[in-house]
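Each chain gets a letter, A, B and so on, in the order the sequences are listed, and its residues count up from 1.
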Amino acid sequence: MARNRMPKVKVNEMEEHYAQFEIHDTDCSVANALRRVMIAEVVTMAVDLVTFEENTSVLNDEIIAHRLGLIPLKYQYREGETRLRDDIRTTLSSERDIQRRFRFTRECDCDEYCQWCAVKLTLGVAFDERAKHRPEREKDLPLVVTSNDLISEDNDVRPVHFETDAEADDSVDQGITIVKLAKGQELRFTAIAKLGIGKEHSKWSPVSKCVFRPQPHVHLDDDAISKLPPALRDLIIQACPAGVLGYNDDDAPPENRKLVVKNDAAILDFVDDVKTLTQRLSPTGKSMISAFASDTNFIFDIESVGSIPVDDLVLCAIYELKRKLLDLQLAVNDLKDDDDDD
Amino acid sequence: MADEKSLRILGQPDNERERTFIFRDEDHTLGNALRHVLMKNKDTDFSGYSVPHPSEPFMHVRLQTTGAPAVRIMDEGLSNLGQICDHLTAQLEAQGATASWPTGGETTS
């Protein structure tokens, strides 16, 4: 039987749009599988089909359709109001899973699209019409058409305008800019959003950043460093860019300060420089720092585009991986029986 | 697409220690992780994976064992990786990822 490591997770930060967590006692391959699933195989919804009724803006239909695809659409389960799919036999996943509400269009038995596999969004903005309601001195300024003008016909799915309320307050616009209209111009279309994954088109990818790096193990020879004169200790700090190495207490007298790593993520890139320098400074020629990348511990940094909150996203990715494995296990077992018959 | 099998197994019927598994619609995501888990199995003699052509949807895993049937070791490998997934889910939930997500099973009929 295989000896497998069971990973441990340590969550450092978990917000709606950003997460940092560490996975200990695992391997690069498992961490990378998780990263790749998060980028390319988590199911989300994005605009896929646009029918233009009127477009007299400066951007052509294709460009606008592309821009619409990139606007994150968020599915939100509403207790008591959202009607989930009734064709799911076992309900093992959370209601927050978008696949409990929608099907892939290719798996749906409707002709083109329906409420179970697509969401219709409409937009109709005419400069002249809007100008009537604008203050006199702004009447001739270009009109910004944003994601806020996009009306979803499904209350479970809506476009995401800003990452946070603070960002919304800072912005001059009402949402994500689609196009700007000048006098006499008009934009009117119907957009159909469908389920998809990042592997097919990156507009369905739920993350804007999804990286992992090995955890660094750093050891500083405090005894040797404390024997150096303060000026030489400053020199060690200056061997790295600002903020990588520093003192534990900047206000303490120089003799009592301890050299510490301030930026764990960056130290691995500069450890060779520090090593060479300390070897020269040391009377015995011994290096005063050692740092190496861990083979088993990894730090993940994830930012969501807003279509799925990060906590759901990570769990959803693991679930997706698990689902794949179960499917394949069934396939292997099917073929195993054939194998035995031969 | 529906009639295309998600998995094919190549090998000599008289030698069940050696098999090549051809996965459809899989890539490095599963390939490398699976290869790694298989290599940790003490019955594995050799395990490697490749994506023969980037524009074809196939991923190959070659598995040779020291005696056990290769298909059984592959089954173990898949379930071991599944256990790691379950374990990660449990760990994340215990750490405050609030959603209650499943630990297994297929949802669509």
- Mind listing the closest non-hydrogen atom pair of A:K8 and B:Q91 along with its distance?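 Heavy-atom minimum between the residues: CA-OE1, 3.1 Å.
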If I take atom [atom1] from residue [X] and atom [atom2] from residue [Y], how far apart are they, to the nearest 0.5 angstrom?
X      : Y      : atom1 : atom2 : value
B:D75  : A:L335 : CG    : CG    : 11.5 Å
B:C85  : A:E320 : SG    : CD    : 11.0 Å
A:N32  : B:T29  : CG    : OG1   : 7.5 Å
B:L88  : A:K322 : CG    : NZ    : 11.5 Å
A:S29  : B:L34  : OG    : CG    : 9.5 Å
A:K324 : B:S6   : NZ    : OG    : 10.5 Å

State whether the number of non-hydrogen atoms from other residues, nucleotides or ligands found under 6.0 Å of [X] atom [atom1] is greater than 12.
X      : atom1 : answer
B:D14  : CG    : yes
A:R83  : CZ    : no
A:H66  : NE2   : no
A:R213 : CZ    : yes

- Which region of A:L330, side chain (C-beta onward) or backbone (N, CA, C, O), has a non-hydrogen atom less than 4.5 Å from a non-hydrogen atom of chain B, or is it both or neither?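 Looking at A:L330, nothing touches chain B.
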- salt bridge (Lys or Arg N to Asp or Glu O under 4.0 Å) partners of A:E79, counting only residues at least two apart: none
- Message: Looking at B:H87 and A:P7, would you say the former's side chain and the latter's main chain have a donor-acceptor pair under 3.5 Å?
- Response: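 A pair under 3.5 Å: yes.
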- Task: Look at the side chain of A:Q329 and the backbone N and O of B:L78, then say whether any donor-acceptor pair between them is shorter than 3.5 Å.
- Result: no
- Message: What part of B:L30 gets within 4.5 angstrom of chain A, counting heavy atoms only: side chain, backbone, both, or neither?
- Response: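 Only the side chain of B:L30 comes within 4.5 Å of chain A.
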- Contact class of B:R72 relative to chain A, heavy atoms under 4.5 angstrom: both
- Most chain A-contacting option - heavy-atom pairs closer than 4.5 Å, from B:M39, B:E26, B:M74: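 Of the candidates given, the most pairs with chain A belong to B:E26.
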- Task: Flag the pair B:D27 / A:K199 as yes when at least one side-chain heavy-atom distance between them is below 4.5 Å, and no otherwise.
- Result: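 When only atoms from C-beta onward are counted, A:K199 and B:D27 do touch, with a gap below 4.5 Å.
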- Are side-chain heavy atoms of A:Y319 and B:T89 found at a separation under 4.5 Å?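 No - every pair of side-chain heavy atoms lies 4.5 Å or more apart.
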